[in-house]
Amino acid sequence: MAQDSSKSDFWESRYRDHVTPWDAGKVPASLQEYLPKMLKDARVLIPGCGSAYEAGYLAENGFDVLAIDFSPAAVELAKKNLARLGEIARLADFFDFDYGSPYDVIYERAFLCALPPTIWPQYAPRTAQLLRPGGK
């Protein structure tokens, strides 16, 4: 099994082998509680979407969602979980994908902690680049 979490093979092996102990299998209560505070119709980016429970929840509540992961197996699982909303899940790398216009919200529950510490310094500048001024 690959040991470098900055590589898609690391995540691919975990999703293919169903070794995903971080997957709660549902939308976190904290997101459900925060939803009323979110700007209606906001554009939301979910990096490292994994199973994409949050993506489906947000899309069903009227948000314009893009959920990405760079593991093909994770995107396959996300599309399966999202069913008719599967088009919102895409195979992409957070650090080099062209996102077009900035997002209102970048939602992530475990993406940063899943990155190796050597990549952490790249996270904040990339997030700032993708988030509109005043975004969350």
Side-chain angles (χ1 to χ4, degrees):
M1 188 179 297
Q3 296 302 313
D4 183 350
S5 65
S6 71
K7 307 293 184 201
S8 65
D9 290 350
F10 177 90
W11 300 104
E12 186 68 8
S13 65
R14 278 147 181 80
Y15 280 98
R16 290 272 177 231
D17 296 340
H18 307 287
V19 180
T20 56
W22 60 85
D23 188 334
K26 62 184 178 182
V27 176
S30 57
L31 178 58
Q32 293 174 19
E33 293 165 10
Y34 188 73
L35 184 81
K37 299 174 188 171
M38 291 178 64
L39 176 68
K40 293 296 176 200
D41 302 323
R43 289 186 75 224
V44 180
L45 175 65
I46 303 177
C49 69
S51 300
Y53 301 108
E54 296 97 329
Y57 177 73
L58 291 169
E60 287 169 353
N61 280 281
F63 296 91
D64 178 10
V65 180
L66 175 60
I68 63 166
D69 207 297
F70 74 166
S71 161
V75 173
E76 182 181 315
L77 177 60
K79 287 180 178 287
K80 178 182 170 193
N81 288 340
L82 291 166
R84 63 180 175 74
L85 297 171
E87 76 281 352
I88 67 174
R90 294 193 200 150
L91 182 65
D93 184 327
F94 175 75
F95 293 100
D96 64 18
F97 182 76
D98 179 7
Y99 294 89
S101 60
Y103 285 83
D104 301 304
V105 175
I106 297 179
Y107 173 83
E108 67 100 343
R109 185 178 60 82
F111 182 66
L112 176 59
C113 69
L115 296 172
T118 56
I119 304 233
W120 291 356
Q122 298 172 40
Y123 178 81
R126 180 62 170 157
T127 298
Q129 178 185 31
L130 299 171
L131 197 59
R132 71 162 173 78
K136 304 275 183 197

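These numbers come from a predicted model, not from an experiment. Residue numbers count from 1 along this sequence.
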message: Can you pull out every ring pair (Phe, Tyr, Trp, His ring centres under 6.0 Å) where at least one residue sits in residues 106-136? Sequence neighbours excluded, please.
response: F94-F111, F94-Y123
- prompt: Does any pair with a residue in residues 38-59 pass ring pair (Phe, Tyr, Trp, His ring centres under 6.0 Å), and if so which ones, sequence neighbours excluded?
  reply: none
- request: Write out all pairs satisfying salt bridge (charged side-chain N to carboxylate O under 4.0 Å, His left out) with one or both partners inside residues 93-115, taking only residues at least two apart or from two chains.
  value: E54-R109, D104-R132
query: Only one of L39, V105, I88 clears side-chain contact (heavy atoms from CB on, under 4.5 Å) with V44; which?
result: V105
Show every donor-acceptor pair shorter than 3.5 Å between a side-chain atom in residues 79-86 and any protein atom, with sequence neighbours excluded, or say none if there are none.
unit_1: K79; atom_1: NZ; unit_2: G86; atom_2: O; d: 3.1
unit_1: K79; atom_1: NZ; unit_2: A89; atom_2: O; d: 3.0
unit_1: N81; atom_1: ND2; unit_2: S51; atom_2: O; d: 3.0

task: Mind checking side chain to side chain donor-acceptor pair (under 3.5 Å) for Y103 and listing every partner two or more places apart, or none if nothing turns up?
output: R43
query: Hey, does P117 have a side-chain heavy atom less than 4.5 Å from the side chain of I119?
result: no
Contacts table for residues 62-76: side-chain donor-acceptor under 3.5 angstrom, sequence neighbours left out:
unit_1: D69; atom_1: OD1; unit_2: S71; atom_2: N; d: 3.1
unit_1: D69; atom_1: OD2; unit_2: C49; atom_2: N; d: 3.4
unit_1: D69; atom_1: OD2; unit_2: G50; atom_2: N; d: 3.0
unit_1: S71; atom_1: OG; unit_2: E12; atom_2: OE1; d: 2.8
unit_1: S71; atom_1: OG; unit_2: A73; atom_2: N; d: 3.4
unit_1: S71; atom_1: OG; unit_2: A74; atom_2: N; d: 3.2
unit_1: E76; atom_1: OE1; unit_2: R16; atom_2: NH1; d: 3.4
unit_1: E76; atom_1: OE1; unit_2: R16; atom_2: NH2; d: 3.4

task: Could you pull out all residues at least two apart from F97 that satisfy ring pair (Phe, Tyr, Trp, His ring centres under 6.0 Å)?
output: Y99
query: Cluster question for you: counting only ILVMFWY and a side-chain heavy-atom cut-off of under 4.5 Å, with indirect links fine, are L131 and I46 together?
result: no
task: Can you sort out the partners of F95 under ring pair (Phe, Tyr, Trp, His ring centres under 6.0 Å), two or more places apart, ordered by chain and number?
output: none
query: Does some side-chain heavy atom of L58 sit less than 4.5 Å from a side-chain heavy atom of L31?
result: yes
message: If hydrophobic clusters are built by linking Ile, Leu, Val, Met, Phe, Trp and Tyr wherever their side-chain heavy atoms come under 4.5 Å apart, do V27 and M38 end up in the same one?
response: yes
message: As an exercise, state the distance from CG of N61 to CD of Q32, rounded to the nearest 0.5 Å.
response: 9.0 Å
task: Only pairs at least two apart or in different chains count here, so list each salt bridge (charged side-chain N to carboxylate O under 4.0 Å, His left out) that has a residue in residues 32-42.
output: none
- prompt: What pairs with Q129 under side chain to side chain donor-acceptor pair (under 3.5 Å), at least two apart in sequence or on another chain?
  reply: R126
